[in-house]
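Below: one structure, written as structure tokens.
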Amino acid sequence: MPAKIISGKDIASEIRRELKVEVSELHKNQIFPKLVVVLVGNHPASESYVKGKIRAAEEIGMESVLIRLEDTISEEELLTKVEELNNDKSVHGILVQLPLPKQIAEQRIIEAIASDKDVDGFHPESVGRMVTGLETFLSCTPQGIMELLKRSDVPLQGKHAVVVGRSNIVGKPVALLLLQADATVTICHSKTADLASITKQADVLIAAVGRAEMITKEHVKNGAVVIDVGVNRTENGLVGDVKFDEVSEVASAITPVPGGVGPMTITMLMANTIESAKRHAR
Ligand code: NDP
């Protein structure tokens with residue numbers, strides 16, 4: 001039987017409808033969630049990500065502001081801008097779009113964002129709180145993956161989840177969230193020996209590698225749930241890390257690319273900003 005398609009696009013639309021209702025309720029209580037996105041330079045992929053974020057905010061009726069800065073800006077100038085936004089009481093979420101030009105140390109900027117406005121969840125304090133299971137802003141892609149699994153009724157307790165990739169923004173945090181959901185978790189990376197022998201044990205397989213279609217049916221157990229985080233631009237257009245056609249013959253459920261994890265990431269950013277506004281109001 002072909003795999004069920006886990007449509008991130010549909011699930012994200014459903015969540016955005018819920019968020020729209022929430023924003024309008026907050027407005028009635030004089031709470032106006034506001035997201036500020038800072039874009040330095042005009043990196044084409046960043047332009048498109050930023051547009052997606054602003055559009056999503058519009059869709060749910062939430063205020064968003066795009067601040068464009070020249071790519072010649074100095075680190076100090078950018079830090080001053082971040083500080084200004086930290087002190088602006090009308091702003092609940094600050095996102096500085098990465099990557100930044102080479103004269104700017106990204107980590108310094110990430111650490112300069114007030115942790116209570118860190119809706120991207122990249123601040124070390126947010127990461128530390130996530131690791132210990134405390135209230136925080138979860139970074140958007142791992143949170144989006146967990147929400148996809150939850151809303152698709154994928155059982156995690158006692159299941160073997162295998163994550164391929166150990167980046168700070170996807171692999172490591174999603175592995176921790178799966179652990180918190182009582183899965184037994186294995187993390188694989190570029191030095192893992194005999195990758196297929198491990199991924200084949202997965203009940204839930206998360207591919208976050210950034211290598212076009214490297215996960216084939218030889219890597220996947222019959223009936224596994226496969227979440228493809230990869231976004232790879234190829235001659236044949238956008239593809240994931242999973243060879244969709246053949247893996248969907250063995251998996252029980254699978255996310256497509258595009259239309260899988262991507263829309264969820266942006267939606268979680270909106271959810272985090274709304275949550276931030278509620279926390280500030282409290
Ligand atoms: P990184 O490049 O930071 O990390 C890739 C990881 O894959 C590394 O841990 C690396 O291992 C591992 N890896 C590389 N080659 C292999 C291999 N042959 N076998 C096993 N593991 C391997 O990427 P990101 O985590 O930032 O992103 C991963 C993918 O997800 C990308 O395609 C990116 O575009 C996409 N993405 C999508 C998002 C969305 O919203 N849809 C959001 C964020 C990312 P090692 O650590 O040993 O080098």
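Side chains are part of it too, since the values below use all heavy atoms of this structure and drop only hydrogens, waters and symmetry mates. When a ligand or atom number is given, it counts from 1 through the structure's own listing order.
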>> Using a 3.5 Å distance criterion without hydrogens, assess whether the side chain of N86 forms a donor-acceptor pair with backbone atoms of A114.
In response: yes
> Would you say the side-chain atoms of S276 pair up with the backbone N or O of N272, donor to acceptor, closer than 3.5 Å?
Replying inline: no
>> Can a donor-acceptor pair be found, under 3.5 Å and without considering hydrogens, that links the side chain of T132 to the backbone of G128?
In response: yes
> Backbone N or O of M214 within a donor-acceptor pair of the D241 side chain at under 3.5 Å?
Replying inline: no
Considering only N or O atoms, set out every pair between ligand 1 and the protein closer than 3.5 Å, with distances to one decimal place.
{"from": "ligand 1", "atom 1": "9 (O)", "to": "R166", "atom 2": "N", "distance (Å)": "2.8"}
{"from": "ligand 1", "atom 1": "11 (O)", "to": "S190", "atom 2": "N", "distance (Å)": "3.2"}
{"from": "ligand 1", "atom 1": "15 (N)", "to": "R211", "atom 2": "NE", "distance (Å)": "3.1"}
{"from": "ligand 1", "atom 1": "21 (N)", "to": "H189", "atom 2": "O", "distance (Å)": "3.4"}
{"from": "ligand 1", "atom 1": "21 (N)", "to": "S190", "atom 2": "N", "distance (Å)": "3.3"}
{"from": "ligand 1", "atom 1": "25 (O)", "to": "S167", "atom 2": "OG", "distance (Å)": "2.5"}
{"from": "ligand 1", "atom 1": "30 (O)", "to": "V229", "atom 2": "O", "distance (Å)": "3.4"}
{"from": "ligand 1", "atom 1": "32 (O)", "to": "V231", "atom 2": "N", "distance (Å)": "3.0"}
{"from": "ligand 1", "atom 1": "32 (O)", "to": "V231", "atom 2": "O", "distance (Å)": "3.4"}
{"from": "ligand 1", "atom 1": "40 (O)", "to": "T265", "atom 2": "OG1", "distance (Å)": "2.8"}
{"from": "ligand 1", "atom 1": "46 (O)", "to": "R166", "atom 2": "NE", "distance (Å)": "2.7"}
{"from": "ligand 1", "atom 1": "47 (O)", "to": "R166", "atom 2": "NE", "distance (Å)": "3.3"}
{"from": "ligand 1", "atom 1": "47 (O)", "to": "R166", "atom 2": "NH2", "distance (Å)": "2.8"}
{"from": "ligand 1", "atom 1": "47 (O)", "to": "S190", "atom 2": "N", "distance (Å)": "3.2"}
{"from": "ligand 1", "atom 1": "47 (O)", "to": "S190", "atom 2": "OG", "distance (Å)": "2.6"}

> So with a 6.0 Å cut-off around NZ of K221, is the heavy-atom count from everything else above 12?
Replying inline: yes
> Under 3.5 Å, is there a donor-acceptor pair between the side chain of H219 and the main chain of T216?
Replying inline: yes
